[in-house]
2 protein chains.
Amino acid sequence: MTKSIEIICVGTELLIGKTLNTNGQWLAKRATALGLKVSRIITVMDETNETALTIKEALKRKNRFIITVGGLGPTFDDKTLEGIASALGCKLEVHERALKMVKEKYYKYIKEGRMEKAELTSYRIKMAKLPEGAEPLVNPVGTAPGVMIKIENATLIALPGVPSEMKAIFEDSIVPLFKQVAGNVTFFETSLDITGIGESAVAPLIDQVMYNNPYIYLKSHPKGAERVPRIELHLSTTAEDSKAAKNRISKALIQISELIQVKGGKVRLLKTK
Amino acid sequence: MTKSIEIICVGTELLIGKTLNTNGQWLAKRATALGLKVSRIITVMDETNETALTIKEALKRKNRFIITVGGLGPTFDDKTLEGIASALGCKLEVHERALKMVKEKYYKYIKEGRMEKAELTSYRIKMAKLPEGAEPLVNPVGTAPGVMIKIENATLIALPGVPSEMKAIFEDSIVPLFKQVAGNVTFFETSLDITGIGESAVAPLIDQVMYNNPYIYLKSHPKGAERVPRIELHLSTTAEDSKAAKNRISKALIQISELIQVKGGKVRLLKTK
């Protein structure tokens with residue numbers, strides 16, 4: 001079964017360039033480190049039809065997981081669950097356990113003196129209205145629960161857009177699930193700082209190393225200022241165990257370093273994770 | 001004619017979470033400020049079929065502009081132009097003017113002492129191979145030219161992924177085009193810092209102001225720490241001229257401030273652009 005994920009970031013603030021999409025990067029990094037493959041990150045506006053369409057398209061692309069980020073809160077433009085329900089052709093209904101989670105949060109806020117009273121207004125109940133068949137995920141930081149829906153060959157996960165809430169739900173509820181799916185698969189990466197040689201001169205050397213090391217992904221990132229060519233060369237691999245991953249990377253690292261030095265370039269190891 | 005844009009960011013480094021997508025945000029902000037509407041930002045891996053599929057999907061969604069970012073350089077994984085050619089069902093061919101641009105860059109590098117010699121290797125010629133019917137855009141900073149292709153109802157623009165090169169080509173070659181399409185349309189935004197009232201209590205107030213101010217988009221962003229509710233409320237509008245935009249925002253700003261203060265919240269104006 002494929003281990004691919006699509007991340008759908010919902011929010012007009014991202015499309016007008018107000019907010020930098022750090023959530024997308026964080027999720028991509030965590031999912032990759034856990035051995036899964038992020039195939040797309042899509043940002044769409046917080047509009048029911050747009051969200052629904054994007055989810056339907058992601059389902060057609062046979063992803064194992066689809067994670068939405070944002071749009072679970074109490075305001076009018078928090079429409080992600082409506083979008084999911086529309087995509088799956090089901091209804092939104094108050095989920096008793098989700099409602100209990102929301103209620104308990106407000107009791108806690110009153111107890112802590114953050115609020116005087118907390119009526120369960122329609123805006124607050126909204127956060128407990130989930131698509132049929134969905135389960136709420138405990139939000140250890142904020143009010144709106146995360147949501148998980150298992151469908152035929154995929155799992156749909158909805159996380160809130162507040163970074164601390166998204167991260168906490170991911171670590172508590174999603175990491176164990178990803179580990180189970182990925183097994184022992186490990187992602188391993190390292191970077192070289194290359195100076196004294198230009199990107200188009202490095203290009204054939206990369207080709208050669210990629211050819212000799214079929215499981216290694218090499219990518220050059222030009223970093224140079226106007227007069228000094230400088231390239232960051234990133235090497236990464238995903239392997240069934242971490243020893244195999246490290247061995248593969250080492251072999252490619254030695255080969256590319258030698259080739260670059262022969263051409264007059266200088267090489268420095270930047271970092272190893 | 002619609003003024004919508006999709007931004008397609010090509011690069012595996014974005015999907016493994018190595019690189020934060022600041023290019024996407026920068027383009028979204030600039031395009032919005034120029035009066036256009038960014039409908040999606042999509043990140044895909046640097047793979048010909050993936051790029052081609054994403055472009056075809058974006059064309060089906062009737063966008064006026066599609067901008068790709070990344071994948072124009074000399075290395076094996078710079079495949080964006082291949083992806084575009086595949087999406088449009090055309091060939092890549094050496095474009096004489098593009099080749100001249102690339103050659104002149106290398107002559108310049110030699111003259112400046114950055115390179116000793118610069119053979120036109122296949123890796124360098126690659127940067128001048130454009131889809132049939134495309135025109136190169138001068139790259140004032142780096143080597144690979146940008147690319148523009150006008151098709152029936154849309155314009156496809158390919159920019160390099162190095163931020164300084166992307167920005168320079170955008171400012172020189174794309175801004176005049178966007179201004180022509182958008183006319184006098186202006187985007188205007190401002191933000192309020194709200195304390196002493198929670199997001200679910202602000203939600204019905206936002207609804208009321210949105211109802212009374214149909215052209216204003218209000219969006220609340222919870223910023224609070226554990227015990228102190230704090231919300232950034234962002235107001236924005238796109239109008240035919242800047243005076244109309246400012247007047248609209250002012251009206252909504254006064255109304256929402258009053259409503260929040262009546263409910264015991266505090267309001268501070270954050271910024272106005």
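So that the names make sense, note that chain A is the first sequence line, chain B the second, and so on, each numbered from 1. Below, all heavy atoms of this structure are taken into account, side chains as well, without hydrogens, waters or symmetry copies.
- Interface remark: of the candidates Ala28(B), Gly11(B), Pro204(B), Pro204(B) forms the most heavy-atom pairs closer than 4.5 Å to chain A.
- For Ala203(B) against Pro74(A), the heavy-atom pair with the smallest separation is CB-O, 3.8 Å.
- Of the charged side-chain nitrogens involved, none lies within less than 4.0 Å of a carboxylate oxygen, so that Arg61(B) and Glu50(A) do not count as a salt-bridged pair.
- When heavy atoms are compared at a cutoff of 4.5 Å, Ala201(A) approaches chain B by way of both its backbone and its side chain.
- Comparing Ile8(B), Asp78(B), Thr19(B) by heavy-atom pairs within less than 4.5 Å of chain A, the highest count is held by Thr19(B).
- Only the backbone of Leu14(B) has a heavy atom closer than 4.5 Å to any heavy atom of chain A.
- With a 4.5 Å cut-off on non-hydrogen atoms, Thr32(B) touches chain A through its side chain but not through its backbone.
- Heavy atoms of Thr12(A) lying under 4.5 Å from chain B belong to its backbone as well as its side chain.
- The greatest number of non-hydrogen atom pairs below 4.5 Å with chain A, out of Asp46(B), Leu27(B), Ile7(B), is found for Asp46(B).
- For a residue to count as touching a neighbouring chain, one of its non-hydrogen atoms must lie under 4.5 Å from one of that chain's; by this rule Asp207(B) touches chain A with the side chain only.
- The neighbour count for Lys129(A) NZ, taken as heavy atoms of other residues, nucleotides or ligands under 6.0 Å away, does not exceed 12.
- Contact of the Glu232(B) side chain with the Glu13(A) side chain is not registered, since no non-hydrogen atoms from C-beta on lie closer than 4.5 Å.
- In this structure, Thr75(A) OG1 and Leu205(B) CG are separated by 12.0 Å, a value rounded to the nearest 0.5 Å.
- Heavy atoms closer than 4.5 Å to chain B are found nowhere in Lys126(A), neither backbone nor side chain.
- For the atom pair CD of Glu119(A) and OG of Ser200(B), the computed distance is 10.5 Å after rounding to the nearest 0.5 Å.
- If you measure heavy-atom distances from Leu218(B) to chain A, the contacts under 4.5 Å come from the backbone alone.
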What do the steps show when you test Ile16(B) against Tyr217(A) for side-chain contact (heavy atoms from CB on, under 4.5 Å), and what is the final call?
CA-CA 12 Å; Ile16(B) 62 172; Tyr217(A) 187 80; over 6 Å; no
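- Around NZ of Lys37(A), the count of heavy atoms belonging to other residues, nucleotides or ligands within 6.0 Å does not exceed 12.
- For Glu199(B), there are no salt bridge (Lys or Arg N to Asp or Glu O under 4.0 Å) partners two or more places apart in sequence or in a different chain.
- Looking at heavy atoms from C-beta onward, Lys29(A) lies out of side-chain contact with Lys18(B) at the 4.5 angstrom threshold.
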Chi angles and distances behind the side-chain contact (heavy atoms from CB on, under 4.5 Å) call for Leu20(A), Thr22(B):
CA-CA 7 Å; Leu20(A) 184 59; Thr22(B) 53; 3.9 Å; yes
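- Only the side chain of Val162(B) comes within contact range of chain A, with heavy atoms under 4.5 Å apart.
- Atom CD1 of Ile41(A) is separated from atom SG of Cys9(B) by 9.5 Å, given to the nearest 0.5 angstrom.
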Go through the steps for Asn21(A) and Asn21(B) under the test side-chain contact (heavy atoms from CB on, under 4.5 Å), then give the verdict.
CA-CA 7 Å; Asn21(A) 193 358; Asn21(B) 193 357; 5.7 Å; no
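- With a 4.5 angstrom heavy-atom cutoff, Ile206(A) touches chain B only via side-chain atoms.
- In this structure, chain A has a heavy atom under 4.5 Å from the side chain of Glu57(B), while its backbone stays farther away.
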Would Arg40(B) and Met45(A) satisfy side-chain contact (heavy atoms from CB on, under 4.5 Å), going step by step from the backbone distance to the final call?
CA-CA 7 Å; Arg40(B) 290 200 189 192; Met45(A) 65 191 77; over 6 Å; no
